[in-house]
Amino acid sequence: MPTLRLPTDRLLLRPFTPRDVDDLLAVRSRSDVNRYLYGEPLDRRGAADWVRRAMAADRLVGPGDDLSLAVELQGRVIGDVLLRWAENEHRQGEVGFVFHPDAGGHGYATEAVTALLGLAFSVVRLHRVHGRCDARNAASAALMRRVGMRQEAHLRENEWVKGEWTDALELAVLRSEFSTRWLTHR
């Protein structure tokens with residue numbers, strides 16, 4: 001898959017560039033954004049390292065690859081999305097997303113994740129894509145439900161994160177389910 005630019009009605013999903021460090025820092029330096037993530041808030045150096053890693057993950061060639069894309073609105077990065085091609089035999093993938101809280105309530109995250117799932121199913125031809133979030137992260141679970149994912153599991157105290165046992169929710173959607181929903185809502 002060549003490096004891509006994926007436009008939506010209001011957004012552009014695209015590979016990260018070095019000029020995105022400040023915008024990424026504005027998102028990922030916040031403690032409220034990182035509350036349910038594995039890592040801690042980033043400083044400028046951490047944001048620059050994160051962007052370098054994301055730039056190396058700008059295409060899906062085969063299983064094990066990650067595609068990290070900046071979500072741009074009017075020239076500014078308001079978040080990022082990730083599509084991981086988990087394995088080939090069963091055509092499984094994973095989606096992830098992080099957005100600036102100021103972008104909330106406008107449907108941007110829903111628009112971006114829907115476009116990413118469209119790519120996962122139409123171009124990469126995955127069979128199933130799942131996402132996982134901390135069970136306390138109601139906003140992330142609600143977003144996954146809005147894009148057509150259904151809850152498959154509530155994993156009780158399955159991970160030790162930031163000094164405590166945490167529950168996780170796993171949601172997923174099949175290509176056949178998403179195709180029907182996506183095509184009828186376009």
Side-chain angles (χ1 to χ4, degrees), residues 1-16 27 33 36-38 54 57-73 77-101 103-155 158-159 166-186:
M1 174 185 299
T3 299
L4 64 97
R5 297 171 68 81
L6 184 60
T8 69
D9 290 340
R10 301 175 294 170
L11 306 170
L12 176 64
L13 281 63
R14 59 161 177 80
F16 276 91
V27 176
V33 169
Y36 300 121
L37 300 177
Y38 293 116
D58 71 347
R59 62 187 68 225
L60 291 175
V61 177
D65 287 347
D66 290 344
L67 176 66
S68 291
L69 297 174
V71 179
E72 182 181 303
L73 172 69
V77 174
I78 61 168
D80 60 87
V81 292
L82 168 79
L83 177 60
R84 175 169 291 131
W85 187 345
E87 54 86 16
N88 197 41
E89 181 180 0
H90 304 292
R91 309 295 293 173
Q92 305 288 308
E94 180 177 0
V95 67
F97 47 87
V98 175
F99 283 84
H100 193 287
H106 303 284
Y108 300 135
T110 300
E111 190 172 322
V113 173
T114 299
L116 194 65
L117 288 171
L119 177 75
F121 293 126
S122 66
V123 176
V124 184
R125 309 286 296 166
L126 295 177
H127 171 70
R128 178 181 175 274
V129 175
H130 77 274
R132 186 180 282 193
C133 67
D134 187 299
R136 298 169 295 180
N137 191 343
S140 287
L143 168 60
M144 288 188 276
R145 288 183 182 101
R146 276 194 306 277
V147 300
M149 300 172 92
R150 73 194 156 322
Q151 184 173 321
E152 293 186 336
H154 182 139
L155 307 170
N158 70 311
E159 292 181 314
T166 61
D167 290 7
L169 301 179
E170 179 146 337
L171 291 89
V173 62
L174 301 175
R175 181 174 185 267
S176 60
E177 296 166 332
F178 183 76
S179 296
T180 302
R181 181 181 185 280
W182 189 49
L183 292 174
T184 59
H185 287 85
R186 289 192 55 89

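Only heavy atoms go into these numbers, but all of them, side chains included; no hydrogens, no water, no symmetry mates.
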Whether [X] side chain and [Y] backbone form a donor-acceptor pair below 3.5 Å:
X      : Y      : answer
Glu170 : Leu155 : no
Arg84  : Leu67  : no
Arg91  : Phe121 : no
Glu159 : Ala168 : no
His130 : Gly93  : yes
Glu87  : Glu89  : yes

Please give me the minimum heavy-atom distance between [X] and [Y], naming the atom from each residue.
X      : Y      : value
Val77  : Ala70  : CG2-CB, 3.9 Å
Ser68  : Phe16  : O-CD1, 4.2 Å
Val95  : Val113 : CG2-CG1, 4.3 Å
Ala115 : Leu6   : O-CD2, 3.7 Å
Thr114 : Phe178 : O-CZ, 3.5 Å
Leu171 : Ala141 : CD2-O, 4.1 Å

From [X] atom [atom1] to [Y] atom [atom2], the distance as rounded to the nearest 0.5 Å:
X      : Y      : atom1 : atom2 : value
Met144 : Asn137 : CE    : CG    : 7.5 Å
Leu4   : Leu13  : CG    : CG    : 8.5 Å
Leu12  : Arg5   : CG    : CZ    : 4.5 Å
Leu83  : Leu117 : CG    : CG    : 8.0 Å
Arg136 : Leu169 : CZ    : CG    : 11.0 Å
Asp80  : Phe99  : CG    : CZ    : 7.5 Å

If the test is side chain to side chain contact (heavy atoms under 4.5 Å, CB included), which one of Met149, Arg150, Arg128 qualifies with Glu177? Arg150
Decide yes or no on side-chain contact (heavy atoms from CB on, under 4.5 Å) for Thr110 and Leu143, but give the supporting numbers first. CA-CA 6 Å; Thr110 300; Leu143 168 60; 3.2 Å; yes
Chi angles and distances behind the side-chain contact (heavy atoms from CB on, under 4.5 Å) call for Asp167, His154: CA-CA 7 Å; Asp167 290 7; His154 182 139; 2.9 Å; yes
Given side chains that start at C-beta, do those of Tyr108 and Thr8 come closer than 4.5 Å, heavy atoms only? no
Does any part of the side chain of His100, heavy atoms only, come nearer than 4.5 Å to the side chain of Val71, both counted from C-beta? no
In sequence, state the C-alpha distance, the side-chain angles, and the governing distance for Asp66 and Leu82, and then conclude on side-chain contact (heavy atoms from CB on, under 4.5 Å). CA-CA 7 Å; Asp66 290 344; Leu82 168 79; 3.7 Å; yes
Step-by-step side-chain contact (heavy atoms from CB on, under 4.5 Å) determination, Leu174 to His127: CA-CA 6 Å; Leu174 301 175; His127 171 70; 3.8 Å; yes
